[in-house]
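Note sheet for the following structure.
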Amino acid sequence: MTAPVFSAAAQHDWETLLTWRRDVRHFLTQPLPEGVLETLLHATCLAPSVGLSEPWRFVRINTPERRAAIRQNFIRCNSRDLEGRSGEDAHRYATLKLSGLDEAPHHIAVFCDKAPAQGRGLGRATMPETTTWSAMMAIHTFWLTATVHGVGVGWVSILDPAEVTASLSVDPDWQFLAYLCIGYAREPASTPELERRGWERRNPARRRWIER
């Protein structure tokens, strides 16, 4: 089998993909066409994993009651974060839209099975956390795949993990990693919203690497 050769145009498109892979908070409410979400999840399973363990567990949240529980979880956690801030920092924080829970037509929670039977423990004896890293790779793969298909993804991280696990009635031994809001972006952009809103900006100095 001959490995594919990616053209200069493909390499340029890849950098464009990384540039436009944004954390979306403003969604159109229209659902994705039938089969699109399944296509994205199928491609996600091509992500690498330690020992071919495929430890990621994607949970689609469709019922209004479970979505409402997640929203209340977010409201409580977000309020606690705001209460821990003061002055200008608190004012700026309060103006940020930090989730698309109300508008996004699709919700997916991502968990990691930290001790899956699949893979038979290969590569995990000295670094068991590699299952978590593998699941994170799957999240990134999903996000890039969604961007290629013109679909926006927003990561809601201001949540209590234990409450999420209980609200979704999943295996209590699974590790909660991400709650993803998915749909078409209302305002597509090539720069992070937090940068556009003046919360933070990239630090070019941190792009350096260390050589030994």
Side-chain angles (χ1 to χ4, degrees), residues 1-28 30-58 60 100 103-112 116 118-119 122-124 127 129-157 177-197 199-212:
M1 181 180 296
T2 303
V5 177
F6 296 98
S7 66
Q11 295 170 15
H12 176 268
D13 287 345
W14 175 252
E15 185 170 346
T16 301
L17 167 61
L18 296 179
T19 300
W20 282 86
R21 195 271 336 132
R22 298 272 58 87
D23 189 1
V24 177
R25 281 90 180 258
H26 306 268
F27 290 91
L28 300 176
Q30 68 186 79
L32 301 180
E34 188 70 27
V36 171
L37 193 54
E38 289 74 13
T39 296
L40 302 183
L41 290 170
H42 176 75
T44 296
C45 291
L46 297 175
S49 62
V50 61
L52 199 56
S53 58
E54 298 181 315
W56 45 79
R57 304 290 181 263
F58 287 80
R60 294 178 62 173
E103 302 89 4
H106 307 283
H107 293 194
I108 289 182
V110 187
F111 294 83
C112 174
Q118 183 174 331
L122 180 65
R124 290 185 265 147
M127 300 179 70
E129 63 272 20
T130 49
T131 51
T132 300
W133 301 342
S134 297
M136 296 299 294
M137 288 291 292
I139 293 172
H140 192 227
T141 301
F142 178 85
W143 212 326
L144 293 178
T145 304
T147 303
V148 166
H149 285 261
V151 176
V153 177
W155 186 330
V156 183
S157 60
L177 296 180
Y179 196 92
L180 305 178
C181 295
I182 301 155
Y184 292 118
R186 184 176 295 278
E187 302 172 353
S190 61
T191 54
E193 181 171 342
L194 292 180
E195 184 175 348
R196 300 196 307 274
R197 297 295 298 274
W199 177 263
E200 191 55 272
R201 59 188 177 87
R202 295 186 185 279
N203 186 344
R206 292 182 181 171
R207 298 181 184 177
R208 300 173 183 170
W209 55 86
I210 298 174
E211 296 187 16
R212 291 286 187 266

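Throughout, residue positions are numbered sequentially from 1 according to the sequence presented.
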Counting distance only, does the side-chain N/O of H106 pair as donor-acceptor with the main-chain N or O of L32 below 3.5 Å? yes

Polar side-chain atom of T130 near backbone of W133 as donor-acceptor pair, under 3.5 Å: no

Given side chains that start at C-beta, do those of [X] and [Y] come closer than 4.5 Å, heavy atoms only?
X: V24; Y: I182; answer: no
X: P105; Y: Q30; answer: no
X: S49; Y: W56; answer: yes
X: E103; Y: C181; answer: no
X: V50; Y: M127; answer: no
X: T145; Y: L46; answer: no

Atom pair [atom1]/[atom2] of [X] and [Y] - distance to nearest 0.5 Å:
X: L41; Y: I108; atom1: CG; atom2: CD1; result: 4.5 Å
X: W14; Y: Q11; atom1: CH2; atom2: CD; result: 12.0 Å
X: T147; Y: W20; atom1: OG1; atom2: CH2; result: 11.0 Å
X: L180; Y: S157; atom1: CG; atom2: OG; result: 10.5 Å
X: D23; Y: L194; atom1: CG; atom2: CG; result: 7.5 Å
X: T44; Y: I139; atom1: OG1; atom2: CD1; result: 10.0 Å

What heavy-atom pair brings [X] and [Y] nearest, and what distance separates the two atoms?
X: Q118; Y: L52; answer: NE2-O, 2.9 Å
X: F27; Y: G154; answer: CZ-N, 3.8 Å
X: A189; Y: R22; answer: O-CG, 2.9 Å
X: A47; Y: T141; answer: CB-OG1, 3.5 Å
X: L177; Y: M136; answer: CD1-SD, 4.0 Å
X: S53; Y: T131; answer: OG-CG2, 4.5 Å

Quick one, F142 with V151, criterion side-chain contact (heavy atoms from CB on, under 4.5 Å). Give me CA distance, side-chain angles, the key distance, then yes/no. CA-CA 10 Å; F142 178 85; V151 176; over 6 Å; no

Hey, is E38 close enough to R60 for a salt bridge, meaning N to O under 4.0 Å? yes

Can you tell me if H42 has over 12 outside heavy atoms packed within less than 6.0 Å of its NE2? no

Among R196, R201, R202, exactly one meets side-chain contact (heavy atoms from CB on, under 4.5 Å) together with T191. Which residue is that? R196

